[in-house]
Amino acid sequence: MFDTYSAYIVNNPISSIAVFITVLPLTLTIARRAFLDKSLRLLFCYLAVKLIIDLAMLHYASNRTNNIILYNLSIPLFYALLGGMFYFKFAEKPRRQFLIISIIGLFFFCAWDIVNSNEDLQNMREHRVVLYSKMVEGVLMILVILLYFYEIIKSLQIPNLLTFPFFWVCSGLLLYYSSLIFIAPVIHYAYTWNNTMDLGITEFIPSIFEIICALFFSVGIYHYSPKDYAKQ
Amino acid sequence: MQNSEELKWALLIASLAMLAMAFCMIAFVMYYQKRRFEEEKKISDIEKNYNRLLLDTALNSEETERRRIAQDLHDDIGTMLSLTKLSLNQLSKLVANSGNEKEESIMKKSQSLVEETILHVRRITRDLVPTTLERFGLMEAIEEFIHKLEEDNNLVIAFQSNTEEFPRQGQKLELTLYRIMQELVNNAIKHASCSKIDIVLEIDEEMIGLRVTDNGVGFDPEKIKESNLAGLGLLGIESRLAIVNGTVQYEQPAKGGSSAIARIPVNPVSGNKPEPLHPFRREKVNI
């Protein structure tokens with residue numbers, strides 16, 4: 001069993017690092033007691049869920065089993081957890097309402113997309129990546145982050161953004177989703193059970209930025225101080 | 001095959017362009033936020049300076065008005081009282097020659113009332129404009145103030161300084177310290193029901209410290225600030241200090257009473273000897 005995993009990790013080092021790097025922000029969240037903040041608590045949940053799903057996917061991939069269903073189901077779940085973080089950060093009610101609507105909307109859209117992208121839902125062996133959902137998630141996430149940036153510029157309540165944890169979280173997410181937005185629809189055609197299209201270096205971009213995103217999360221959480229909890 | 005290669009490049013370029021935009025967006029937010037904070041700081045500094053200028057003008061006007069009243073008292077009422085006293089002296093001689101004892105007694109009473117009034121006018125004039133401060137300096141002015149207070153009240157006021165020759169400071173600074181000392185001592189007498197007041201004046205290379213301590217009932221400065229009970233006196237002290245970059249701190253000594261410490265940066269007077277301010281010369285307001 002261990003040989004299978006190690007062989008997979010050696011053959012796919014970048015995507016494997018992207019899985020295990022999640023442990024770093026998770027550990028920092030506990031060490032810095034960042035879960036005291038509501039938004040960072042949701043980030044903690046996201047990281048924990050992501051680690052579990054990634055490990056499960058790694059397990060299936062190592063055993064040459066189709067794991068795409070986990071990827072597809074994780075899309076609305078991840079967006080709900082990440083969008084939920086912004087629910088506690090947005091000051092204006094319409095933005096919070098938009099978040100809730102978008103979370104519910106993406107859930108239904110993703111369900112439709114899974115059905116639309118797979119002719120036979122029972123056939124897990126040839127289950128395919130959704131065509132639009134990941135891209136829609138990316139667009140929504142970028143929109144929410146930009147709205148939040150606009151809010152912090154407008155409110156002028158954070159004197160130094162470099163020491164503000166949530167700015168690092170937003171920056172990490174913005175980079176990750178920006179790297180993914182064009183690649184996401186192509187994955188639907190590229191990764192099929194019988195035919196895998198070689199995307200070259202482009203294939204690794206999301207994984208590289210997943211690692212960068214986790215590092216940004218870590219920097220942000222490192223800057224978190226329970227003393228300043230009330231100010232954030 | 002050709003299409004696949006093109007797609008790969010297109011994807012790579014599009015993703016890199018998107019990432020470049022994301023980086024630019026993050027950099028822009030950081031830069032814009034920083035710039036807006038700098039602008040806000042500038043505006044806040046301008047507002048602060050403007051408020052300081054307003055306060056300075058108000059206090060200058062107050063001092064000018066005090067001088068004007070002192071001058072009017074001295075020149076008009078003082079002169080008239082002196083002339084009245086002279087006339088009464090002449091009349092007194094005539095009354096003395098007539099030998100009427102009752103008239104003589106009324107005369108003496110009138111003379112004593114006029115003399116008393118002249119003394120009162122002189123005292124009010126000196127209270128309005130501290131001439132001793134301007135002529136001899138802070139230590140002498142404080143000593144004179146204490147002397148007068150001890151005469152009028154059943155109080156023990158002690159004054160100490162860490163130097164025998166207190167170097168002369170700028171006119172505004174000396175007046176600020178003197179007025180603050182006056183306010184703190186008056187507050188102690190009015191509100192603290194104290195029997196002893198200690199005034200300590202200290203100077204080092206950078207700061208002048210004025211400490212006024214009483215053994216009265218004491219007060220909690222935080223509570224007073226929170227409950228907006230800070231009267232014009234305490235606000236006046238803070239306003240005066242704001243103009244000369246000074247600070248004030250209130251303490252409650254363990255043995256009881258209260259203590260106020262005002263600290264102001266040293267501002268030695270330029271030139272050898274400060275120009276004395278005569279109380280009866282009209283001063284222009286310097287803004």
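Every chain is numbered from 1 and lettered A, B, ... according to where its sequence line falls, protein lines coming before strand lines.
For A:Ile181, the part sitting under 4.5 Å from any heavy atom of chain B is the side chain, from C-beta outward, and nothing else. Contact annotation for A:Ile153: both backbone and side-chain heavy atoms come within less than 4.5 Å of a heavy atom of chain B. With a threshold of 4.5 angstrom between heavy atoms, A:Ile145 does not approach chain B through any atom at all. Proximity to chain B (any heavy atom under 4.5 Å) is shown, for A:Leu180, by neither the backbone nor the side chain. At a 4.5 Å heavy-atom cutoff, the contact between A:Leu161 and chain B is made by side-chain atoms alone.
If you run side-chain contact (heavy atoms from CB on, under 4.5 Å) between A:Leu47 and each of A:Leu81, A:Leu28, A:Leu26, only A:Leu26 comes through.
The closest side-chain donor-acceptor pair between B:Arg52 and B:Asn245 falls under 3.5 angstrom.
Salt-bridge annotation for B:Arg67 and B:Glu63: absent, with no side-chain N of the basic residue lying under 4.0 Å from a carboxylate O of the acidic one.
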May I have a table of the donor-acceptor pairs connecting chain B and chain A at distances under 3.5 Å?
unit_1: B:Gln33; atom_1: NE2; unit_2: A:Ile158; atom_2: O; d: 2.7
unit_1: B:Arg36; atom_1: NH1; unit_2: A:Ile153; atom_2: O; d: 3.1

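A distance of 9.5 Å separates CG in A:Leu82 from CD1 in A:Ile103, rounded to the nearest 0.5 Å.
Counting only residues at least two apart or on different chains, the side-chain hydrogen bond (donor to acceptor under 3.5 Å, both in side chains) pairs with a member in residues 203-214 of chain B are B:Arg211-B:Ser259, B:Thr213-B:Ser259, B:Asp214-B:Ser258.
For B:Glu174 (side chain) and B:Gln169 (main-chain N/O), a donor-acceptor pair under 3.5 Å exists by modelled atom type. No donor-acceptor pair closer than 3.5 Å links the side chain of B:Gln160 to the backbone N or O of B:Val200.
Side-chain contact between A:Leu215 and A:Leu24: present, with at least one pair of heavy atoms (C-beta onward) separated by less than 4.5 Å.
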